[in-house]
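Side chains included, hydrogens not; waters and symmetry mates left out as well; all remaining heavy atoms used.
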Amino acid sequence: LGAVGCVLLVACANVSNLLLARSLARAKEISIRVALGASRWQIVRQLLLESVMLGLAGGTLGLFLAIWGVKGFALAVADVGKPYWIDFRMDFTVFAYLSAICVGTGILFGLFPALQSSKLKPAETLKEGTRGAGGGRRAKFFTSSLVVVELSLSLLLLIGAGLMIRSFYA
């Protein structure tokens, strides 16, 4: 697992934690939808669609940054010249990989928050002053686990960066 993979996992865990918090904050809205007759599958499908759209929006932003970076690199080495074996361009393989990663992470890291928010009991959540939107024991365990994963991966990245800087000095 490379540094880029660790950064992607930290970002995905962070987004999943934010999606879980957002879905719990939207508990009244989801309870109203359930009270009006929405099935659990419809709620999960809506929340998963939002998660995938968020992933695709991030992927689109990353794609534009990558295109800008490739053009910037080409301008930076225009005077010096680049080696003939290096070909920096965006091709279909990059777009397909980016799309698969965006959709996959949107589904993978949006599934638990969607399932968790679809289990809400509308009667308890809609009562004012109750803790129906606070989530269950599983949601709190999942949130705590995500925080631990984020911190450990961030620490791993910091150690790797420190070792790399030390090797450059040597």
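Note on Val70 and Phe95: same hydrophobic cluster, where clusters join Ile, Leu, Val, Met, Phe, Trp and Tyr whose side-chain heavy atoms are under 4.5 Å apart, directly or indirectly. Leu108 and Val52 are assigned to two separate hydrophobic clusters, defined by single-linkage of ILVMFWY side chains at heavy-atom distances under 4.5 Å.
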Residues Phe64, Thr60; criterion side-chain contact (heavy atoms from CB on, under 4.5 Å); working and verdict = CA-CA 6 Å; Phe64 286 131; Thr60 304; 3.5 Å; yes
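In this structure, the separation between CG on Leu63 and CG on Leu56 is 11.5 Å, given to the nearest 0.5 Å. From Leu49, atom CG reaches atom CG of Leu54 across 11.0 Å, with rounding to the nearest 0.5 Å. In this structure, CG on Leu111 lies 4.5 Å from CG on Leu115, to the nearest 0.5 angstrom. In this structure, Arg26 CZ and Ile32 CD1 are separated by 11.5 Å, a value rounded to the nearest 0.5 Å.
Checked for salt-bridge contact, Glu50 and Arg45 miss the test: no charged N lies under 4.0 Å from a carboxylate O.
Considering only residues two or more places apart in sequence or on other chains, Ser39 meets the side-chain contact (heavy atoms from CB on, under 4.5 Å) condition with Trp41, Gln42. Scanning for ring-ring contact (aromatic ring centres under 6.0 Å, His included) contacts around Phe73 gives Phe88, with sequence neighbours left out.
Side chain of Thr105 to main chain of Ile101: a donor-acceptor pair is present (N/O by atom type, distance under 3.5 Å, no hydrogens or angles).
For Gly59 against Cys102, the heavy-atom pair with the smallest separation is CA-SG, 3.4 Å. Shortest non-hydrogen contact noted between Ser51 and Gly106 is OG-O, 2.6 Å. Between Ile107 and Leu48, the shortest heavy-atom distance links the atoms O-CD2, 3.8 Å. Of all heavy-atom pairs spanning Leu47 and Ala114, the tightest one is CB-CB, 3.7 Å.
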